[in-house]
K.L.:
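One structure, as structure tokens, below. Some questions next.
None of these values were measured; they are calculated from a predicted model.
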Amino acid sequence: MGKGRWLAVLAGVLLLGGVGPRAREMEELRLVTALALDGGEEIRATAVTGVRASEDEEPELLTGAGETMAQACAALRESSARRAYLGQTEQLLLGEGMDPLQAMELVARHRELRLDTLLYIVRGNAGEGLAGSAGRMAAETGGQDFRGRTVGEILPRLAEGEYALAPALKPGEDGGLVPGGWAVLGREGVAGWLEEDAAVGAQLLLGLETGKTITIEGGTVELTGVTLRVQGEKLRCRLEGRVLQGTPSAEALGAWGEEKLAAALAEGKDCWGLDRLGAALEPWQWEARRGLDVSKLRIEGKGRLREG
């Protein structure tokens with residue numbers, strides 16, 4: 001899809017005043033909290049409905065299939081005695097066979113789905129994973145996931161031809177879904193995966209590691225601050241922490257940060273807007289820095305520690 005078409009989709013969404021069902025109609029609906037889409041010979045949609053404690057309800061698993069995502073969702077909506085309503089969907093899970101861009105376009109155009117829906121990429125079959133996590137997905141709100149990224153956050157980056165991150169999920173030992181690092185999204189779809197050290201580095205760049213306890217040479221540290229700066233071909237990262245145990249050094253903290261950041265940047269895809277961060281200091285260099293190959297950045301990590 002061309003850049004102009006993506007921008008047209010976004011503009012259209014902003015202009016449309018979506019109107020949900022009237023309050024008195026809500027009692028007649030089954031409210032979907034999580035929706036999974038899987039590809040293959042046909043598109044299969046799987047949904048989990050929410051529960052109301054006052055009604056002592058149990059989550060219901062709904063399914064639908066069709067040649068397109070829209071048809072699969074339409075079939076799902078009619079698969080319950082009380083029509084499934086997608087307007088309360090908090091989490092959209094895409095299996096490995098799905099095209100994330102087409103799925104986000106569906107969200108942008110659908111009269112019920114919302115841009116503040118959290119997007120996840122599932123390694124494997126999303127419907128099976130959702131079924132294994134039905135009880136938890138029905139009760140939780142998406143806002144409890146610190147990694148959460150909405151369709152509305154991801155879509156503009158892709159519309160501009162940039163890369164973006166979406167949290168990945170994978171099957172756990174009990175068949176339910178557990179965190180599985182990050183999926184790198186581009187216009188071509190899933191362009192790669194960031195796991196283990198690379199996932200931690202991605203979270204450092206997103207500012208999501210503050211408050212975490214980490215183990216480095218000499219002891220354990222609570223990470224209290226991360227400051228990033230791109231200058232020329234160098235990425236400077238200052239890590240601040242509080243010593244919890246042992247006698248770790250500031251140098252060990254800086255080396256830990258360098259290792260994690262290098263793993264995240266190794267594929268060369270800028271999912272964090274580091275090209276913009278560098279251009280902020282030298283705006284006249286923006287065109288030259290656009291599309292920066294982040295794998296070529298020289299990483300300089302410095303630590304600063306205080307006693308607990």
K.L.:
Check each of D270, I299, L194 against L265 using the side-chain contact (heavy atoms from CB on, under 4.5 Å) test, and report the only one that passes.
P.N.:
I299
K.L.:
Start with the C-alpha gap between V184 and V190, add the side-chain angles, then the distance that decides, and say whether side chain to side chain contact (heavy atoms under 4.5 Å, CB included) holds.
P.N.:
CA-CA 6 Å; V184 178; V190 177; over 6 Å; no
K.L.:
Kindly indicate whether the side chain of L292, heavy atoms from C-beta on, has any atom under 4.5 Å from the side chain of L297.
P.N.:
yes
K.L.:
L244 and V226: same hydrophobic cluster, using ILVMFWY side-chain contacts below 4.5 Å?
P.N.:
no
K.L.:
Rounded to the nearest 0.5 Å, how far apart are CG of L253 and CG of L239?
P.N.:
4.5 Å
K.L.:
For atom CD of E41, is the number of surrounding heavy atoms from other residues, nucleotides or ligands below 6.0 Å larger than 12?
P.N.:
no
K.L.:
May I ask you to check whether over 12 heavy atoms, not counting those of K302, lie within 6.0 Å of atom NZ?
P.N.:
no
K.L.:
On a heavy-atom basis, which atom in S295 and which in A266 lie closest, and how many Å separate them?
P.N.:
CB-O, 3.5 Å
K.L.:
Please give me the minimum heavy-atom distance between G95 and D38, naming the atom from each residue.
P.N.:
CA-OD1, 3.4 Å
K.L.:
Could you tell me which non-hydrogen atom of G201 sits nearest to which non-hydrogen atom of L261, and how far apart they are?
P.N.:
O-CD2, 3.9 Å
K.L.:
Would you check if M69 and Q102 make a side-chain contact, meaning some heavy-atom pair closer than 4.5 Å?
P.N.:
yes
K.L.:
If only atom types and distance count, is the side chain of T117 paired as donor or acceptor with the main-chain N or O of Q91 below 3.5 Å?
P.N.:
no
K.L.:
Applying salt bridge (Lys or Arg N to Asp or Glu O under 4.0 Å), run through E195 and R123 and close with a yes or a no.
P.N.:
CA-CA 12 Å; E195 301 177 279; R123 304 200 73 164; 3.2 Å; yes
K.L.:
Measuring only between side-chain heavy atoms, which start at C-beta, is R149 closer than 4.5 Å to R147?
P.N.:
no
K.L.:
Ignoring hydrogens and geometry, is there a side-chain-to-backbone donor-acceptor pair from R306 to E240 under 3.5 Å?
P.N.:
no
K.L.:
Is the closest side-chain heavy-atom distance between L204 and L223 below 4.5 Å?
P.N.:
yes
K.L.:
Measure the CD-OG distance between E217 and S249 for me, rounded to the nearest 0.5 Å.
P.N.:
6.5 Å
K.L.:
Let me see the working for I43 and M98 under side chain to side chain contact (heavy atoms under 4.5 Å, CB included), right down to the final yes or no.
P.N.:
CA-CA 9 Å; I43 305 298; M98 291 302 302; 4.0 Å; yes
K.L.:
Check salt bridge (charged side-chain N to carboxylate O under 4.0 Å, His left out) between E112 and all other residues, then give those that pass, not counting sequence neighbours.
P.N.:
R77, R83
K.L.:
Can you check side chain to side chain contact (heavy atoms under 4.5 Å, CB included) on T213 and V221, steps first, answer last?
P.N.:
CA-CA 6 Å; T213 298; V221 171; over 6 Å; no
K.L.:
Applying salt bridge (charged side-chain N to carboxylate O under 4.0 Å, His left out), name anything that partners R229, two or more places apart in sequence or on another chain.
P.N.:
none
K.L.:
Closest heavy-atom contact between T210 and T224?
P.N.:
CG2-O, 3.4 Å
K.L.:
Within the 4.5 Å heavy-atom criterion, are L185 and I121 side-chain neighbours or not?
P.N.:
yes
K.L.:
Would you compute the distance between atom NE2 of H110 and atom CZ of R114 and round it to the nearest 0.5 angstrom?
P.N.:
12.5 Å
K.L.:
Treating E258 as the side-chain partner and G301 as the backbone partner, does any N or O pair qualify as donor plus acceptor under 3.5 Å?
P.N.:
yes
K.L.:
Would you give the length of the straight line joining atom CZ of R298 to atom CD of E233, rounded to the nearest 0.5 angstrom?
P.N.:
7.0 Å
K.L.:
Is R276 salt-bridged to E162, cutoff N-O under 4.0 Å?
P.N.:
yes
K.L.:
Report the distance from atom CD of Q231 to atom CG of L277, rounding to the nearest 0.5 Å.
P.N.:
10.5 Å
K.L.:
Given side chains that start at C-beta, do those of T220 and V243 come closer than 4.5 Å, heavy atoms only?
P.N.:
no
K.L.:
State yes or no: do V122 and V178 share one hydrophobic cluster built from I, L, V, M, F, W and Y residues joined by side-chain heavy-atom distances below 4.5 Å, directly or via other members?
P.N.:
no
K.L.:
Keeping the roles fixed (side chain from S133, backbone from L177), state whether a donor-acceptor pair exists under 3.5 Å.
P.N.:
yes
K.L.:
Output the distance between atom OH (Y120) and atom CG (L93), rounded to the nearest 0.5 Å.
P.N.:
8.0 Å
K.L.:
How close do E267 and W193 get, counting heavy atoms only, and between which atoms?
P.N.:
OE2-O, 3.8 Å
K.L.:
Does the pair D197/K260 count as a salt bridge with the N-to-O cut at 4.0 Å?
P.N.:
yes
K.L.:
Which heavy atom in A45 sits nearest to a heavy atom in C73, and how many Å separate them?
P.N.:
CB-N, 4.4 Å
K.L.:
For a 4.5 angstrom cut-off between non-hydrogen side-chain atoms, does M104 reach L158?
P.N.:
yes
K.L.:
Run the side chain to side chain contact (heavy atoms under 4.5 Å, CB included) check on L206 and L165 step by step: do they pass?
P.N.:
CA-CA 10 Å; L206 291 170; L165 290 177; 4.0 Å; yes
K.L.:
Quick one, L130 and V48 - any side-chain contact, counting heavy atoms below 4.5 Å?
P.N.:
yes
K.L.:
If you measure from the Lys or Arg side-chain nitrogens to the Asp or Glu carboxylate oxygens, is any gap between K234 and E300 under 4.0 Å?
P.N.:
yes
